[in-house]
Amino acid sequence: MGQAGRPVAWKVMVEHYDPQAVEAKWQRRWEADGAYQVDNDDRRPPFYVLCMYPYPSGAAHQGHVRNYTFGDLLVRQRTMQGYAVLSPIGFDSFGLPAENAAIRTGVHPREFTDARIQELKSSLKRLGASYDWRREIRSHDPEYMRWNQVIFQRFLDAGLAYRKNAPVNWCPGCQTVLANEQVLADGTCERSGDLVEKRDLEQWFFRITAYADELLEALEGLDWPDRVKVMQRNWIGRSEGAEFDLAVEGRAGEPGIRVFTTRPDTAFGMTFVVLAPEHPLVPALTTAEQRGAVEEFVARVRTESDIERQSSDGPLDKRGVFTGSYALNPFNGARVPIFLADYVLMTYGTGAIMAVPAEDQRDWDFAKAYDLPIVRTVAPPDGWEGEAYTGEGPRINSEWLDGLTDTAEAKAKAIEWLESGAIGRRTVNYRLRDWLLSRQRYWGCPIPVIHCPTDGIVKVPEEQLPVLLPDDVEFLPTGESPLRHHPGFLNVTCPRCGGPAERETDTMDTFVDSSWYFLRFCDPWERSRPVSLDAARRWMPVDQYIGGIEHAILHLLYARFYTRALADQGLAPAEIREPFGRLFTQGMITMDGSKMSKSKGNLISPEQYFETVGADSLRLFHLFVGPPGDDFDWSAQTDQMIEGCHRFLGRLWRLAAGAVFESGGGATVSERTAEPVDTNMDKETHRLMDRVDSDYTRWSYNTAVAACMEFLNTLYKYVQGPAGGRAETVDFAVDTLLLLLGPMAPHITAELWETRHPEAPPLHAQSWPAADPAMLVVETVTMVAQVNGKVRDRLEIPVDITVEQAEALVLASPRVAEALGGATPKKVIARPPRLVNVVV
RNA sequence: GCCCGGAUGGCGGAACAGGCAGACGCGAUGGUCUCAAACACCAUUGGCCGCAAGGCCGUGCGGGUUCGAUUCCCGCUCCGGGCACCA
């Protein structure tokens with residue numbers, strides 16, 4: 001038993017903090033030990049952590065650092081908590097940039113991509129991110145391509161994949177077809193800035209719309225950010241309404257015009273009908289007098305870009321044309337003119353609408369431009385000065401609907417009427433379209449079919465899969481896939497009839513690759529099928545998926561569709577409908593408000609920080625800088641903030657390694673028995689465990705780091721205080737801090753742990769610390785004494801103080817008395833032990 | 001236009017359940033160490049008034065509820081995002 005205050009030898013540390021040496025050592029160690037490999041028969045409870053696998057664009061950027069730091073931290077913490085954590089990674093390695101680079105430089109996309117993967121891998125390893133690298137998947141691996149193609153063929157058999165003619169985006173600058181997502185909101189190409197054109201081509205589609213309802217309904221139960229759910233809901237765009245047929249005057253016996261509306265309750269106000277210019281009935285409906293005008297209009301619309309067609313400005317009187325024909329409103333027999341207008345789209349609903357100008361602003365504007373009648377069927381409130389009225393109100397001019405004020409009720413009644421008369425029916429429409437998956441590009445997974453003049457579309461026999469990409473191709477900016485000019489690839493014999501046939505030269509959208517990779521990760525060694533059912537049952541769904549908000553719609557929706565489609569085809573476990581149970585979307589790293597990107601030249605490479613302050617400091621910075629879901633704008637001050645994190649780690653090092661005690665600085669450690677000051681420090685340590693643990697749980701890493709910094713400051717004051725520190729207390733504090741920081745700054749904590757406990761298992765094999773509830777109990781707190789809501793005094797009181805005691809103490813306070821100035825309190829609100837408010 | 005999210009010191013941010021606004025970090029100022037610098041360390045740091053004790057003001061703006069509002073309600077402004085002639 002030592003005497004209080006007597007300095008004793010504590011920890012002795014020779015070197016100073018050398019991040020590069022420490023980080024290299026532990027990265028080698030983890031890899032050699034297979035520390036984060038996990039086998040499928042592991043008996044610990046499973047936990048699947050996944051960061052969206054990256055497109056390999058070269059060395060990691062700050063967005064990667066952020067993303068993979070969040071993921072790695074969770075992997076390490078869950079491992080310490082006793083889970084078998086599945087932490088796989090791979091590369092989304094097909095895509096346009098590699099092909100563009102090939103056109104520019106002549107380097108083959110595979111060579112180019114493999115080199116970029118090496119760079120990115122090296123960055124990820126230097127970050128200290130822990131993965132089971134044995135499970136690595138690259139989209140362009142022949143094995144992965146094989147299963148991609150098998151799945152495609154299965155979907156083809158099931159009618160989930162089909163071919164139809166469709167307008168696609170064509171960029172004249174790039175001389176190539178673009179994916180929808182590569183077309184900016186203003187209709188220009190994201191790369192060249194040229195205005196994207198529409199071209200009609202025969203294309204491959206996935207029938208995602210077959211799952212529209214389920215994809216929408218199931219959003220409800222997902223533990224996803226609301227923002228993302230709302231975006232998906234918008235994108236699917238379900239609208240309920242009715243479809244019904246309008247007879248055309250003079251065309252008895254012929255099929256009528258089918259219209260879709262969400263407001264069947266306003267049908268009595270229909271004063272005209274509008275068809276899309278592409279509507280198949282247009283030629284039949286056009287009268288001889290109007291033929292010239294209609295043909296001219298239709299021809300003009302065809303030359304317009306999508307953007308021109310969809311912009312709401314532009315003179316309305318040039319945007320439509322009268323066909324010369326009339327339809328009959330089945331509700332009241334009214335004779336209404338039939339128009340064409342460019343704003344009615346053939347691709348939504350039935351391509352035809354009933355126009356009710358009184359209750360729809362677009363129809364109102366059109367009616368004004370063409371001098372058409374307007375009949376209100378919903379009475380607007382008194383004093384209404386607007387035009388179309390879409391709110392609630394009593395029905396008027398609507399025969400048997402008159403007087404009804406509830407829109408839902410009126411709709412139901414109108415639909416009932418339509419159905420009972422066999423005129424129409426209730427329908428649901430979606431904004432969501434089928435997924436166009438074919439790309440006229442080389443660097444993607446070939447679509448495994450053959451076009452035979454006699455047999456039509458024939459699948460490449462499964463034993464011939466995968467269809468690989470030939471290497472001996474030339475990359476020229478012709479706008480056509482090099483595959484089309486490769487006779488060896490193109491010309492084949494039909495597997496069915498043996499006659500000459502052509503191979504499909506389109507490749508798959510790269511979103512196909514990312515739509516099921518998370519299933520393949522469960523067992524990438526499976527040789528007989530794309531997804532091992534047992535392994536998928538063990539790991540799926542992903543417990544925590546982490547990635548950027550930019551994938552909120554496309555990738556996440558496609559993956560949800562694929563998971564269901566695979567399940568329904570028996571290719572994945574039937575019960576797994578949702579791929580990602582919990583989703584976290586991190587904020588973007590921006591610079592001057594816009595996204596950092598190679599093309600903007602504003603990339604701040606993480607590598608330079610690895611070389612200076614080290615990966616741990618950079619990781620800590622990304623965690624500390626703000627809420628993980630918020631965007632962060634990289635500024636001139638950012639380097640200093642990173643320095644601050646590095647300074648913190650330096651302080652940690654000096655204390656944990658004993659340098660503080662070596663250099664004096666007033667710090668002492670003694671073997672004395674516990675005094676109140678030591679117990680208080682122990683309690684701080686337990687409080688830290690509690691805070692950091694709950695901060696991890698609620699994704700509040702910035703406050704977790706802050707708590708650790710605060711704690712280290714407290715610990716310094718403690719050991720540098722007049723009594724010095726008690727050895728046991730200091731050891732407990734330092735060890736706990738190292739464990740809690742472990743997932744955030746893994747290298748430095750591993751090194752310090754090993755220095756302090758050379759014989760013990762390494763830090764990453766330790767258990768996650770848990771606070772002792774008894775040590776979280778506090779005896780005294782500061783209570784605030786207010787007069788009229790203003791703080792006048794602060795009192796140290798026991799936590800279990802009663803209301804009466806609290807009131808008495810506050811009223812006895814001289815500061816309170818002074819503030820009262822002799823006035824008699826009207827009311828005293830006591831909320832012990834937090835505050836007492838005296839009201840006069 | 002519709003639907004989300006946000007606004008707090010010089011800066012990033014904290015305040016988890018209506019109860020001490022500004023934790024933690026950066027920057028700034030002053031100081032210690034040093035021949036000097038770097039590193040490190042110590043102190044101060046929302047604004048205004050005051051020698052001080054202390055006081056007043058303060059969470060985008062205007063109202064409201066409450067003993068008490070950054071937090072809840074109503075009405076705005078600005079910023080960011082999503083959807084948008086979708087019938």
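Sequence lines set the chain letters: A, B, ... in the order given, protein chains first and strands last, and positions in each chain run from 1.
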Nucleic acid contacts of residues 236-244 of chain A, taken as heavy-atom distances under 4.0 Å to RNA chain B |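 S239(A), in order of number.
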Taking the same atom, C1', in G13(B) and in G68(B), what whole-Å distance lies between them?
->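 Between the two C1' atoms, the distance is 26 Å.
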Expressed in whole Å, how much space separates the C1' atoms belonging to G10(B) and G1(B)?
->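 Those two atoms are separated by 39 Å.
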Given that both distances must come in under 3.5 Å, which nucleotide forms a Watson-Crick or G-U wobble pair with G27(B)?
->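 For G27(B), the partner nucleotide comes out as U45(B), under the 3.5 Å rule.
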Please check the phosphate of G25(B) (OP1 and OP2 only) for any side-chain N or O of N713(A) closer than 4.0 Å.
->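 Answer yes for this pair, as a side-chain N or O of N713(A) is under 4.0 Å from OP1 or OP2.
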So, is R647(A) close to the C26(B) phosphate, meaning a side-chain N or O under 4.0 Å from OP1 or OP2?
->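 Yes, R647(A) has a side-chain N/O under 4.0 Å of OP1/OP2 on C26(B).
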Using a 4.0 Å heavy-atom cut-off across all strands, classify K717(A) as base, sugar-phosphate, or nothing.
->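 Since no nucleic acid heavy atom lies under 4.0 Å of K717(A), the category is nothing.
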Base, sugar-phosphate alone, or nothing: which one does R794(A) contact when heavy atoms must sit under 4.0 Å apart?
->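 Base contact.
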Reading nucleotides 4-16 of chain B from the 5' end, what letters show protein touch, with B for base, S for backbone sugar-phosphate only, - for no heavy atom under 4.0 Å?
-> ------BBBSSSB
Would you tabulate the pairs of protein nitrogen or oxygen atoms and nucleotide nitrogen or oxygen atoms of nucleotides 63-70 of chain B closer than 3.5 angstrom?
{"residue": "C67(B)", "atom": "OP1", "partner": "K827(A)", "partner atom": "NZ", "Å": "3.3"}
{"residue": "C67(B)", "atom": "O2'", "partner": "N837(A)", "partner atom": "ND2", "Å": "3.4"}
{"residue": "C67(B)", "atom": "O2", "partner": "N837(A)", "partner atom": "ND2", "Å": "2.6"}

So do I374(A) and K368(A) actually touch side chain to side chain, heavy atoms under 4.5 Å?
->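 A side-chain contact under 4.5 Å exists here.
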Given side chains that start at C-beta, do those of F244(A) and M354(A) come closer than 4.5 Å, heavy atoms only?
->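 With C-beta onward as the side chain, the pair touches.
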Considering only NZ, NE, NH1 and NH2 on the basic side and carboxylate oxygens on the acidic side, decide whether R687(A) and E684(A) come within less than 4.0 Å.
->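 Result for this pair is yes, salt bridge flagged.
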